[in-house]
Asks: 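Before I ask anything, let me first share the structure, which is written out below as structure tokens.
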Protein chains: 2
Amino acid sequence: MNVMNASPRRKELTRLAAQLFVQEGFDRTTVRMLAQEMGIKSGSLFHHFRDKQEILAAVIEEGTENALVIARDALARCDSSASARLHAMARAHLETLLTDRNAHVVALYEWRRLDSEARAHLSHLRDAYEALWEEVIDEALAEGLVHGDRFLVSRFVMGALNWTVRWYDPEGTRTPDELADELVAMITRSASTP
Amino acid sequence: MNVMNASPRRKELTRLAAQLFVQEGFDRTTVRMLAQEMGIKSGSLFHHFRDKQEILAAVIEEGTENALVIARDALARCDSSASARLHAMARAHLETLLTDRNAHVVALYEWRRLDSEARAHLSHLRDAYEALWEEVIDEALAEGLVHGDRFLVSRFVMGALNWTVRWYDPEGTRTPDELADELVAMITRSASTP
DNA sequence: CATTCAACCAAGCAAGCGCTAGTGTGAATG
DNA sequence: CATTCACACTAGCGCTTGCTTGGTTGAATG
């Protein structure tokens with residue numbers, strides 16, 4: 001078994017697992033289902049993963065790492081005004097959420113199935129990501145673009161964004177970018193210094 | 001087995017089940033665990049419920065019906081300004097969400113475990129509840145209290161509110177009402193006609 | 001007093017679960 | 001040519017799962 005997510009076989013298995021975990025849920029997805037999807041026998045899975053838990057951890061790790069990379073890229077690429085950074089962050093969030101959808105739905109729904117070991121490791125990744133958000137929100141607050149409590153604002157915004165996986169239709173007319181801009185508009189429109 | 005949630009034994013079982021489903025998840029909660037919690041044997045459960053699915057449906061039905069009642073009450077009790085109704089609706093939402101927390105967490109997390117029969121029935125309840133929201137949002141839009149697309153605004157708001165079950169600490173300093181008011185303030189503050 | 005009935009129990013079945021042990025490949029490596 | 005290595009297979013163990021069956025209570029009902 002590999003420590004990293006390096007092997008191509010393992011990467012493909014992780015992708016398939018994410019899909020199955022979304023369709024069936026983690027507990028209802030059996031190792032035999034995943035094996036069949038891959039075209040191998042169930043026992044062979046344990047050459048790539050120590051146990052079923054490790055498959056779940058791999059799925060979530062993949063998604064969260066992607067989110068971090070994309071968010072950092074987006075922030076590095078845009079200009080430094082608070083408004084631009086807020087837009088960039090919201091767009092990046094929805095981009096990962098909706099393209100890498102399976103992994104993120106698993107992260108949102110099956111987080112509690114992680115054992116404490118994996119959870120500790122992945123908490124760090126998630127915290128790093130949320131720190132980016134709080135930074136951007138802080139800047140928006142400082143410029144008077146948004147009002148309210150820093151903690152509450154960031155939770156509300158992330159809630160609104162994460163909830164999209166429940167109703168957003170990729171085949172519909174709205175792009176993720178439009179969605180992100182609408183949300184930012186909703187919380188910043190006509191905000192004047194009180 | 002009863003068709004209604006009438007029997008006291010069944011009501012108590014539903015309450016205990018909600019608690020277990022939150023702690024362990026639906027799939028990991030065995031009928032033996034629930035039975036032991038109730039102080040009976042596992043086989044006796046099937047006198048009260050046809051199968052395990054029906055227990056899940058009962059939990060979710062209970063929660064959703066409560067939400068509807070509380071929201072309707074709150075709307076009937078407040079004055080008719082768009083602002084008052086928006087505040088009332090947000091407060092009512094958080095009140096149910098955080099007092100009847102177990103049932104709602106189950107509804108949010110384990111909805112997909114329902115079979116299609118139960119899902120059809122419960123969808124109606126949920127739709128009736130969401131219709132209340134869209135009505136209130138419509139009024140807020142008409143008065144220029146909020147801006148944007150009616151569909152998007154209601155999704156964003158419900159997302160922000162539902163997300164609270166993930167981070168809100170009932171032992172903390174903030175009351176649910178304060179939370180609701182903060183959110184309404186965030187999306188309405190200084191909104192001027194464009 | 002006979003009957004009914006909700007509520008429970010004891011015992012267990014059939015199916016499915018995660019995972020292991022031991023073995024066999026064909027390709028790359030020294 | 002010998003060895004290693006990633007990858008896969010067969011076969012099944014030990015356990016848990018949801019649920020069923022047939023029978024037993026104690027209280028209410030007529």
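The model shown is predicted, which means the values in this text are computed figures rather than measured ones. First the proteins, then the strands, lettered A, B, ... as listed; each starts at 1.
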Asks: Round to a whole Å and report the spacing from CZ of B:Phe49 to C1' of C:dA7.
Replies: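 One finds 14 Å between C1' of C:dA7 and CZ of B:Phe49, rounded.
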Asks: Using a cut-off of less than 4.0 Å, is there contact between a side-chain N or O of B:His48 and OP1 or OP2 of C:dC8?
Replies: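 Answer yes for this pair, as a side-chain N or O of B:His48 is under 4.0 Å from OP1 or OP2.
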Asks: Is any side-chain N or O of B:His47 closer than 4.0 Å to OP1 or OP2 of C:dA7?
Replies: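 Yes.
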Asks: Using whole Å, what does the distance between atom P of nucleotide D:dC5 and atom CZ of A:Arg9 come to?
Replies: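 These atoms are roughly 20 Å apart.
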Asks: On DNA chain C, check which nucleotide each of B:Ser42 and B:Gly39 is closest to and give me the residue with the more 5' one.
Replies: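 Result of the comparison: B:Gly39.
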Asks: Kindly say whether, by distance alone, the side chain of A:Arg32 makes a donor-acceptor pair under 3.5 Å with the base of C:dG16?
Replies: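 It does not, because no donor-acceptor pair links the side chain of A:Arg32 to the base of C:dG16 below 3.5 Å.
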Asks: Checking all strands, does A:Ser44 fall into the base, sugar-phosphate, or nothing category for heavy-atom contacts under 4.0 angstrom?
Replies: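 It contacts base atoms.
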Asks: Answer yes or no: is there a side-chain heavy-atom contact under 4.5 Å between B:Leu97 and B:Arg101?
Replies: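 A side-chain contact is absent here, since even the closest heavy-atom pair is not under 4.5 Å.
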Asks: Are B:Tyr129 and B:His124, when compared by the centres of their aromatic rings, separated by less than 6.0 Å?
Replies: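 Ring centres of B:His124 and B:Tyr129 not closer than 6.0 Å.
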Asks: Check the distance between C:dC8's P and B:Arg10's CZ and give it to me in whole angstrom.
Replies: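 To the nearest whole Å, that distance equals 14 Å.
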Asks: Would you kindly check if the NZ (Lys) or CZ (Arg) of B:Arg28 is within the cone defined by 45 degrees around the ring axis of B:Phe21 and under 6.0 Å from the six-membered ring centre?
Replies: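 B:Arg28 over B:Phe21 ring: no.
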Asks: Could you state the atom-to-atom distance from CD1 of A:Ile55 to P of C:dG18 in whole Å?
Replies: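 Roughly 9 Å, once rounded to whole Å.
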Asks: Roughly, in whole Å, what's the span from NZ in A:Lys11 to P in D:dA6?
Replies: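 The distance from NZ of A:Lys11 to P of D:dA6 comes to 17 Å, rounded to the nearest Å.
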Asks: Is the distance between the ring centroids of B:Phe156 and A:Trp163 under 6.0 Å?
Replies: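 Between A:Trp163 and B:Phe156, which both carry aromatic rings, the centre distance is not below 6.0 Å.
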Asks: Would B:Arg155 count as a cation-pi partner of B:Trp133, with NZ or CZ less than 6.0 Å from the six-membered ring centre and within 45° of the ring normal?
Replies: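 Not satisfied by the 6.0 Å and 45° rule.
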Asks: Take atom CG of A:Leu34 and atom C1' of C:dG16, then tell me their distance rounded to the nearest Å.
Replies: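 Whole-Å distance recorded here is 17 Å.
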Asks: Rounded to whole Å, please give me the gap between CD1 in B:Ile40 and C1' in C:dA7.
Replies: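 Taking atom C1' of C:dA7 as the reference, CD1 of B:Ile40 is at 9 Å.
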Asks: Starting from C1' on D:dG18, measure out to CG on B:Leu56 and report it in whole angstrom.
Replies: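 About 15 Å, once rounded to whole Å.
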Asks: Any side-chain N or O of A:Lys41 under 4.0 Å from OP1/OP2 of D:dC9?
Replies: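 No, no such contact exists.
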